[in-house]
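Notes follow the structure.
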Amino acid sequence: MTGMTATVPLEAKSPFEMRVHLGDEVGETDVRTALKTGDMGFLHSFTTGSAVDGPGLRVVAWTTACMFRCQYCHNPDTWTLSNGIPVPLERAVGHLQLYANGLKRMNGGFTISGGEPLMQDRFAIRLLGAAHDMGIHTAIETNGFLGERLSDDELQAIDLVLLDMKAFTLEQHKKVTGGMDNAPVIAFARRLAALGRPMWLRYVLVPGLTDVVAEMEQLGAFAANLGNVERAEVLPFHQLGKYKWENLGLDYKLADTPMPSPEAVAAAVEVFAQQGLEAC
Ligand code: SF4
């Protein structure tokens, strides 16, 4: 490690901290090598003490780079790989090691999220593998688009997949994500089911955008039929990431969108529950 990267703290108070270009610039060849080998990852941060990114208290690594452009994204500073801090795998593993005993004692775990962690699939799988070897529960939060990058064996080293499904129909998926196809996401969910890998479905509820009952019904029915979905989580939209859109000069279409009411959240949970899912 050179220059400022070595001294940049990996820890953020929360993923809602705006963090861009905190590390040294990495040349194109080194980026390519990093992506191919996973010897180095690009991270927004690590956070500790999360109770919402999988079971128990979690340490979370937030990676940079994402191929989606969700209208409701609360971390647009993670969209670009080069916004992240370049972190050698050993440094990331060493950081996680600090918490290993505590996480095991408290039945917590490690989650890799983003951004989209499978944009850096080799780094993600090696870090998850290291956590697994430490005896820590492992989870990946992903939009599923690049699920095929993980082999069946690699999926066995991940205890839980938090699959963020943005929509069920192609039209709505494109609307929410900036034009992205959802066939690979659906295929990944099916593959996880065929392999019997535990999955939680996550769905962000945005008034006027994703509060579409027919979408939730179809998604819920699909997930319930898979047989491996332990839980469906409805995540209420919020505006914690609004300032990031503004600071990055991005066109934020949801600037005036309110949070969903508790009643609307309860109604959405009920839609998923009615399909036979454990919903919350
Ligand atoms: S998939 Fe996640 S990180 Fe990527 S744009 Fe959507 S909400 Fe943001």
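Worth saying up front: this structure is predicted, and the values here are computed from it rather than measured.
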Which is it for Lys175 and Glu171 under the salt bridge (charged side-chain N to carboxylate O under 4.0 Å, His left out) test, yes or no, and what are the steps along the way?
CA-CA 6 Å; Lys175 181 175 168 188; Glu171 193 191 357; over 6 Å; no
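- Looking only at side-chain heavy atoms (C-beta outward), Tyr72 and Leu209 come within less than 4.5 Å of each other.
- Under the 4.5 Å side-chain heavy-atom criterion for grouping Ile, Leu, Val, Met, Phe, Trp and Tyr, Leu127 is not connected to Trp62 through any hydrophobic cluster.
- Atom CD of Glu263 and atom CD of Glu270 lie 14.0 Å apart (nearest 0.5 Å).
- Within 6.0 Å of the NZ atom in Lys253, the count of heavy atoms belonging to other residues, nucleotides or ligands does not exceed 12.
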Check the pair Lys174, Asp181 against salt bridge (charged side-chain N to carboxylate O under 4.0 Å, His left out), reporting the backbone distance first and the verdict last.
CA-CA 6 Å; Lys174 285 188 165 179; Asp181 186 9; over 6 Å; no
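- For the atom pair Asp30 CG and Asp24 CG, the distance stands at 11.5 Å (nearest 0.5 Å).
- Residues Val212 and Phe168 fall into different hydrophobic clusters, defined by Ile, Leu, Val, Met, Phe, Trp and Tyr side chains chained together at heavy-atom separations under 4.5 Å.
- The aromatic rings of Phe46 and His95 sit tilted relative to each other, their planes meeting at an angle between 30° and 60°.
- The shortest distance between side-chain heavy atoms of Val93 and Arg126 does not fall below 4.5 Å.
- Hydrophobic cluster membership differs between Leu250 and Leu81, with clusters built from Ile, Leu, Val, Met, Phe, Trp and Tyr side chains linked at under 4.5 angstrom.
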For Arg58 and Ser50, what are the C-alpha separation, side-chain angles and deciding distance, and is it a side-chain hydrogen bond (donor to acceptor under 3.5 Å, both in side chains)?
CA-CA 5 Å; Arg58 322 278 304 175; Ser50 163; over 6 Å; no
Checking Asp39 against Arg122 for the salt bridge (charged side-chain N to carboxylate O under 4.0 Å, His left out) test, could you report, in this order, the C-alpha distance in whole Å, the side-chain angles of both residues, the deciding distance, and whether it holds?
CA-CA 8 Å; Asp39 287 342; Arg122 291 306 89 196; over 6 Å; no
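- Annotation: side chain of Thr177 is not in contact with side chain of Arg69 (no heavy-atom distance under 4.5 Å).
- With Thr210 as reference, Gln172 is the one residue of Met216, Gln172, Lys166 to meet the side chain to side chain contact (heavy atoms under 4.5 Å, CB included) rule.
- Atom CG of Asp152 has more than 12 heavy atoms from other residues, nucleotides or ligands within 6.0 Å.
- In this structure, Gln156 places its CD atom where more than 12 heavy-atom neighbours from other residues, nucleotides or ligands lie under 6.0 Å away.
- Interatomic distance, Ile136 CD1 to Asn107 CG, rounded to the nearest 0.5 Å: 12.5 Å.
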Begin from the C-alpha positions of Asp77 and His44 and carry the test side-chain hydrogen bond (donor to acceptor under 3.5 Å, both in side chains) through to its verdict.
CA-CA 8 Å; Asp77 52 339; His44 171 278; 3.2 Å; yes
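- The shortest distance between side-chain heavy atoms of Leu205 and Pro236 does not fall below 4.5 Å.
- With contacts defined as side-chain heavy-atom distances shorter than 4.5 Å, the pair Phe222/Met165 qualifies.
- Residues Thr47 and Lys13 have side chains not in contact (no heavy-atom distance under 4.5 Å, counting atoms from C-beta outward).
- Here the side chains of Glu116 and Thr63 are not in contact, with every heavy-atom distance at 4.5 Å or above.
- Inspection of the Thr138 and Asp159 side chains reveals an N or O donor paired with an N or O acceptor under 3.5 Å.
- In this structure, the ring of His173 has its center less than 6.0 angstrom from the ring center of Phe68.
- Judged as a salt bridge (charged side-chain N to carboxylate O under 4.0 Å, His left out), the pairs with a partner in residues 194-221 (not counting sequence neighbours) are, in order, Asp53-Arg202, Glu141-Arg202, Arg202-Glu233.
- Counting heavy atoms of neighbouring residues, nucleotides and ligands inside a 6.0 Å radius, atom CD of Glu148 does not exceed 12 of them.
- Rounding to the nearest 0.5 Å gives a distance of 8.0 Å between CE of Met259 and CG of Leu240.
- Here CH2 of Trp79 is found 14.0 Å from OG1 of Thr64. Values are rounded to the nearest 0.5 Å.
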After noting the C-alpha distance and the side-chain angles of Gln239 and Tyr252, does the key distance pass the side-chain hydrogen bond (donor to acceptor under 3.5 Å, both in side chains) rule?
CA-CA 11 Å; Gln239 291 284 13; Tyr252 186 41; 2.7 Å; yes
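- Checked against the 6.0 Å centroid threshold, Phe16 and His238 count as a close aromatic pair.
- Leu254 has its side chain out of reach of Trp245: every pair of non-hydrogen atoms, C-beta onward, lies at least 4.5 Å apart.
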